[in-house]
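What follows is a single structure, written as structure tokens, with notes after it.
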Amino acid sequence: MIVTLIVLCEVGFWVLLAGGLGLRYVARKPRAGAAVLLCEPLLEVVLLVVTAVDLKNGAQPDWKHGLAAVYIGFTVGLGPSTIAWVDARIAHRFAGGPPRVRPPKYGRDRAVHEWRVAARWILASAVALVLLQAAVWYVGPDGDTGSLRMWQQRMLWLTGINLVIAASYTLFPKRGPGPEPERRPEPEPEGRPGRAPEPGPERAGERGPGRPEVR
């Protein structure tokens, strides 16, 4: 049941996103579109309530409950940026909005961008860790919490990976291509400068090659 609900929440996320953006840019109803987009967090609330009720009714916590906590965390941490990403493209396509601004590639700006991306993933992991720990406390020391602890370890690994990636761009910034070297003029050949004289008619008293001497 929990897995089915997670799938339904994921499908509902994209349906609500498409409906909200369609109302905003295609139907020209920005208020109705905003109202639909505001319904997105309700999906996570429903999933959280159903998961808690399932545990309260005596269900043994397993990987499905851990997956529900991770899904909620990722939606909280990455959902707003995903909505903004899609919104910018729909606005450019249907409402004459500016084109997408590509992330910087080099130097300090790229490092700042990587830290922002890492912050979203770390927030997602932190929310999942809190929910998983709440489930562990709910089960108590006598219950089997191995699957929940497994998900916690994965979230810690994910946090560490994002920190390493962001720190690598700070300690070893990616440098952009340098300026093109100036092209120096090629030196003139030795001898008379300038253009070589064009061949002209032969001077008197000189014979050309292959011409018999006139006597």
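Each residue takes its place number in the sequence, starting with 1.
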If you group Ile, Leu, Val, Met, Phe, Trp and Tyr by side-chain heavy-atom gaps below 4.5 Å, do [X] and [Y] land in one group?
X	Y	value
Leu148	Phe74	yes
Leu8	Leu67	no
Leu131	Val76	yes
Val15	Leu47	no
Ile161	Tyr169	yes

[X] and [Y]: which non-hydrogen atoms are nearest, and at how many Å?
X	Y	value
Glu114	Ala166	O-CB, 4.0 Å
Pro104	Arg110	O-CD, 2.9 Å
Ala111	Thr170	CB-OG1, 3.9 Å
Val36	Gly20	CG1-N, 3.7 Å
Leu158	Ser125	CD2-OG, 3.5 Å

Is there a side-chain contact between [X] and [Y] (heavy atoms, below 4.5 Å)?
X	Y	answer
Arg116	His113	no
Ile90	Val26	no
Leu78	Trp121	yes
Leu37	Leu17	yes
Trp137	Leu132	no

* Apply the test side-chain contact (heavy atoms from CB on, under 4.5 Å) to residues Trp63 and Val70: give CA-CA distance (whole Å), side-chain angles for both, the deciding distance (0.1 Å), then the verdict. => CA-CA 10 Å; Trp63 66 272; Val70 170; over 6 Å; no
* With Tyr71, the side-chain contact (heavy atoms from CB on, under 4.5 Å) member among Ile2, Thr51, Ile6 ->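 The single option meeting the side-chain contact (heavy atoms from CB on, under 4.5 Å) with Tyr71 is Ile6.
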* Asked: Taking Asp54 for the side chain and Val50 for the main chain, is one N or O donor matched with an acceptor at less than 3.5 Å?
  ->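 Pair absent, no side-chain N/O of Asp54 close to backbone of Val50.
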* **By side chain to side chain donor-acceptor pair (under 3.5 Å) - contacts of Arg149 (at least two apart)** =>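 Here the qualifying residues are Gln133, Gln152.
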* Only counting residues at least two apart or in another chain, list the ones meeting salt bridge (charged side-chain N to carboxylate O under 4.0 Å, His left out) with Asp87. =>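 Result, salt bridge (charged side-chain N to carboxylate O under 4.0 Å, His left out) vs Asp87: Arg24.
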* Do Trp157 and Asn162 pass the side-chain contact (heavy atoms from CB on, under 4.5 Å) test, and can you show the C-alpha distance, the side-chain angles, and the key distance before you say yes or no? -> CA-CA 9 Å; Trp157 272 104; Asn162 279 275; over 6 Å; no
* To do: Indicate whether the side chain of Trp14 and that of Glu10 have a donor and an acceptor atom separated by less than 3.5 Å.
  =>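 A pair is found: one side chain offers a donor N or O, the other an acceptor, under 3.5 Å apart.
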* Relative to Trp151, does Arg154 satisfy both conditions: NZ or CZ under 6.0 angstrom from the six-membered ring centre, and within 45 degrees of the ring's axis? ->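 Flagged: Arg154 positioned over aromatic ring of Trp151.
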* Report the C-alpha separation of Thr75 and Leu43 in whole Å, then their side-chain angles, then the decisive distance to 0.1 Å, and conclude whether the side-chain contact (heavy atoms from CB on, under 4.5 Å) test is met. => CA-CA 10 Å; Thr75 306; Leu43 299 174; over 6 Å; no
* To do: For residues 35-50, pull every pair meeting side chain to side chain donor-acceptor pair (under 3.5 Å), keeping only residues two or more places apart or in separate chains.
  =>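 Found none.
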* Asked: With a cut-off of 6.0 Å (strictly less than), are more than 12 heavy atoms of other residues, nucleotides or ligands near NZ of Lys64?
  ->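 Atom NZ in Lys64 is packed in, count exceeds 12.
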